[in-house]
Amino acid sequence: MFVLKRTEGRARRGLFHTPHGDIETPFFMNVGTAAAIKGGVSSVDLRELKTRVELCNTYHLHLRPGDDIIYKMGGLHKFMNWDKPILTDSGGFQVFSLSKLRKIKEEGVYFASHIDGRRLFIGPEESMRIQSHLASTIAMAFDECVENPAPREYVQRSVERTTRWLGRCIDEMARLNSEPSTINPKQMLFAINQGGTYDDIRVEHMKTIGGMGLDGYAIGGLAVGEPTEVMYHILDEVLPYAPADKPRYLMGVGTPSNIIEAVWRGVDMFDCVMPSRNARHATIFTWGGIMHATNERYKLDERPLDPQCDCPACRNFSRAYIRHLFKAGEQLAGRLAVQHNLYFYNTLMDRINEALDEGRFGEFRDKYSPLLESKLED
RNA sequence: GGGCGUGUUCCCGAGUGGCCAAAGGGGGCAGACUGUAAAUCUGUUGCGUUUCGCUUCGGUGGUCCGAAUCCACCCGCGCCCA
C-alpha cells in the first residue's frame, strides 16, 4: 500500500508499505543482478549504506543457480541474508540487452543463454513462476523493452503485446500467490509502461494498464539512447496518467541529475547500475560533482573521496590510497568505491526526502541538478 | 686475450635499404558507462607554426638518390673458449 504524504508541484513524498518493511519515497534501489552487488559488497555491507531495496534479476538467477535452487533455499531473502524489500526485474530488459541472442513471439521470448548458448524460453507465466520462486517483495511484469529509435508501427504492436503479456502476468501471479507452497503469497506486481519515444502511444498504454489494478507502475524503455530531454518530456506527458495512489518507478535511471529531474516530474522509485558500475570503473559521485579517482591530481591527496561524505570509504581512506588501489588493480578499490557511490545515491534520496518535507525541493533541484553532473573542481 | 651474439621510442619487444616517428604488449595519461553478457570498452602516448616540417633506433665516421636496417672503428651488455 502506498500513502502519499505531501507534494511539491508534481514531486511526491510518500510512504510505501511492503511485507518486508516500509520505505520512504522517493527512493533508490541498489542493483544486485545475480543476488550480489558487483564489486564485493554484501547484504551485510548494505545495512550501513542506507540501502532500502535490493534489485535482482529473474533471467540471471533462472540461469544460475536456477530459481528452483533459490526456492529450495527458502527464497532470495534467506538466500542472500537480506530482510528488507527485494525487487526482481522480470527479464524484460534482457529482451532488449541480449537482442542478438533472442527471438520474440506472442507466447514469449526464446533466448540463447549468454553463459553457454543453451536454448531457453521465458514468457509471462515463466517470468512470474521464477519470480514467485525467488519470492521477492515486488515482481515486475514481463515486458518488451523496445530499442531506440524504433519504427512507430513496431512500437505500437510491441506495446499491445506487452499489454497482453501483462494480463497473463496478473492471472499467473494471482494463481501462484494462492498456492500453499508459495514462499511469499503477498508478492506484489508492477506493470511497465512502454512506447518508445512516442508519447501518444505511451499515454494510451499508461491509461490502459492504469485501469488494471497493479501494485505500482513503472516506466521502462527510457535512458536507452534517446536524448535526456526526450526522456523528461515523456515523463511530463505520461506521469499525469499514472494512478496517483500507486508508486511510480522509472526503470534503470539514472544519473543523480536524472533522478532529481524525474522526482520533480513525479517519480517515486529508481534503480540503476550506474553507481556500482561507475564505481568499479573509478568514477566517483560527490557532492561537489563527478571525479575520476585514478586521475593523477589525486596522487598525493590526503582528503577522502568526498569530504562531505561519511560512508565507510570516506571515513577511513584517502583519495591517494584509493587511487593507488585502482592503479594496482586491487579488488578493494572497487569495493570501497562501490560502497561510496551507493551511499552517495542513498544519501541523495535522504536529502531529496528532507527537501520535500520542508517544501524546498525546487530550490534543491536548482542547486544540485546541475552541480551533481558537473566535474568536481578543486 | 679470442669467438659468437646483442644494444630500437618510459619498459619489454617487432622491424634487416625507401610504404618507419617506427608493429604488438606493458606502463602512463584521459574519457565512456543509465531495469549489469561490463573488475569492461575507447582515445592518446618524440617535438612543432600539424594534409606539412623537424629530431630519434648505443657512439662516431662512411657507402647510397635514400640507413633503425649495409660497412669500419669505438662503447656497453650476454654466453662460450683461454
Side-chain angles (χ1 to χ4, degrees), chain A residues 28-41 53-61 63-64 87-102 111-118 127 131 136 138-146 148 190-194 216 218-228 231 249-259 261-262 267 269-285 290-299 323 325-338 341 345 373 375:
Chain A
F28 179 80
M29 302 183 277
N30 295 179
V31 180
T33 301
I37 306 282
K38 292 190 192 301
V41 173
V53 180
E54 186 164 353
L55 184 150
C56 300
N57 189 282
T58 295
Y59 167 82
H60 295 263
L61 293 173
L63 285 185
R64 193 163 53 190
L87 181 144
T88 42
D89 187 26
S90 61
F93 185 71
Q94 280 62 46
V95 177
F96 163 77
S97 66
L98 301 176
S99 59
K100 276 162 277 181
L101 302 174
R102 52 77 171 153
F111 287 101
S113 160
H114 72 275
I115 298 167
D116 60 6
R118 189 181 110 222
S127 178
Q131 294 186 76
S136 56
I138 302 165
M140 296 303 300
F142 188 68
D143 65 332
E144 180 190 352
C145 180
V146 182
N148 237 321
F190 278 31
I192 304 174
N193 171 252
Q194 293 289 351
I219 299 191
L222 291 181
V224 289
E226 81 287 356
T228 306
M231 175 169 82
Y249 164 26
L250 179 56
M251 304 187 78
V253 173
T255 66
S257 179
N258 290 160
I259 288 172
E261 293 301 321
V267 175
M269 301 169 55
F270 301 87
D271 81 280
C272 192
V273 303
M274 189 172 277
S276 51
R277 179 185 292 166
N278 284 18
R280 279 179 282 120
H281 301 163
T283 302
I284 305 298
F285 294 98
I290 296 164
M291 68 179 279
H292 268 90
T294 52
N295 286 4
E296 192 168 28
R297 54 199 283 219
Y298 305 122
K299 186 158 51 180
R323 175 178 192 271
L325 294 178
F326 270 113
K327 287 296 193 181
E330 289 293 336
Q331 296 191 340
L332 182 58
R335 175 173 152 80
L336 293 174
V338 169
N341 274 359
Y345 265 66
E373 70 179 1
K375 283 193 75 167

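Not measured: the values here are computed from a predicted model. Note on naming: letters A, B, ... go to the chains in the order of the sequence lines (proteins, then strands), and numbering restarts at 1 for each one.
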Whole-angstrom distance between B/G13 and B/U63, as gauged at atom C1':
30 Å

Is any side-chain nitrogen or oxygen of A/K327 closer than 4.0 Å to OP1 or OP2 of B/G27?
no

B/C57 and B/U8, which share atom name C1', separated by this distance in whole Å:
4 Å

Of the nucleotides B/G35, B/A37, B/U34, which one has an atom closest to the side chain of A/D89?
B/G35

For A/T88, all residues meeting side-chain hydrogen bond (donor to acceptor under 3.5 Å, both in side chains), sequence neighbours excluded:
A/Q131, A/S136

Using the side-chain heavy atoms of A/R277, tell me which of these nucleotides is nearest: B/A37, B/C29, B/A38.
B/A38

P gap between B/U9 and B/G5, integer Å:
23 Å

Between the protein and nucleotides 39-42 of chain B, list every N/O to N/O distance that falls short of 3.5 Å.
| residue | atom | partner | partner atom | Å |
| --- | --- | --- | --- | --- |
| B/A39 | OP2 | A/R280 | NH1 | 2.6 |
| B/A39 | N1 | A/Q331 | NE2 | 2.5 |

Can you tell me, in whole Å, how much space there is between the C1' of B/A38 and that of B/A21?
35 Å

Distance, nearest 0.5 Å, that separates CE of A/M140 from CZ of A/F93:
13.0 Å

Interatomic distance where CE belongs to A/M29 and P belongs to B/G35 [whole Å]
11 Å

Ranking B/A30, B/A37, B/U34 by distance to the side chain of A/E296, first place goes to B/A30

Value in whole Å for how far the C1' atom of B/G35 lies from CD of A/E54:
14 Å

Is it the case that the base of B/G35 and the side chain of A/E144 share a donor-acceptor contact (distance under 3.5 Å, atom types as modelled)?
no

Between B/C47 and B/G59, how far apart are the C1' atoms? Round to whole Å, please.
23 Å

A/A223 side chain, from C-beta outward: closest of B/U36, B/U34, B/G35:
B/U34

If you measure from OH on A/Y345 to CE on A/M29, what distance do you get to the nearest 0.5 Å?
13.5 Å

Taking pairing as Watson-Crick or G-U wobble with both contacts under 3.5 Å, can you name the mate of B/U60, or confirm there isn't one?
B/A72

Please name the nucleotide paired to B/A32 by Watson-Crick or G-U wobble geometry with both distances under 3.5 Å, or report none.
B/U40

Using the P atom as the reference point in each nucleotide, state the distance between B/C65 and B/C11 in Å, no decimals.
36 Å

Rounded distance (nearest 0.5 Å) linking atom CG of A/N148 with atom CE of A/M231
12.0 Å

Once you measure the plane-to-plane angle for A/F190 and A/Y249, does it fall in the parallel (<30°), tilted (30-60°) or perpendicular (>60°) bin?
perpendicular

Gap between atoms CD1 and P, on A/I138 and B/G35 respectively (whole Å):
17 Å

Kindly write out the residues that satisfy side-chain hydrogen bond (donor to acceptor under 3.5 Å, both in side chains) with A/S99, not counting sequence neighbours, or none if the list is empty.
none

Rounded to the nearest angstrom, tell me the gap between atom CE in A/M231 and atom C1' in B/U34.
8 Å

So, is A/Q94 close to the B/A37 phosphate, meaning a side-chain N or O under 4.0 Å from OP1 or OP2?
yes

Partner nucleotide of B/A21 by Watson-Crick or wobble geometry (both distances under 3.5 Å)
none

May I ask you to evaluate whether A/S97 reaches the phosphate of B/A37, defined as a side-chain N or O under 4.0 Å from OP1 or OP2?
yes

Could you check how far CZ of A/F326 sits from C1' of B/C29, rounded to whole Å?
17 Å

For B/C77, the Watson-Crick or wobble counterpart (both distances under 3.5 Å):
B/G5

Side chain to side chain contact (heavy atoms under 4.5 Å, CB included) filter on A/H60, not counting sequence neighbours, yields A/T33, A/N57, A/Q94, A/H114

Who pairs with A/F270 by ring pair (Phe, Tyr, Trp, His ring centres under 6.0 Å), at least two apart in sequence or on another chain?
none

Gap between atoms NZ and C1', on A/K299 and B/A30 respectively (whole Å):
15 Å

Over how many whole Å does the gap from A/R323 atom CZ to B/A30 atom C1' extend?
12 Å

Any A/R118 side-chain N or O less than 4.0 Å from OP1/OP2 of B/A37:
no

Restricting to side-chain hydrogen bond (donor to acceptor under 3.5 Å, both in side chains), what partner residues turn up for A/R335, sequence neighbours left out?
A/D45

Tell which nucleotide pairs with B/G27, taking only Watson-Crick or G-U wobble pairs whose two distances are both under 3.5 angstrom.
B/U45

Distance check needed: B/G35 P versus A/I259 CD1, whole Å only.
11 Å

Would you say A/N295 reaches B/A30's phosphate, i.e. side-chain N/O to OP1/OP2 under 4.0 Å?
yes

Please give the distance between the P atoms of B/U56 and B/U51 as a whole number of Å.
23 Å

Between B/A67 and B/G18, how far is it from one P atom to the other, in whole Å?
11 Å

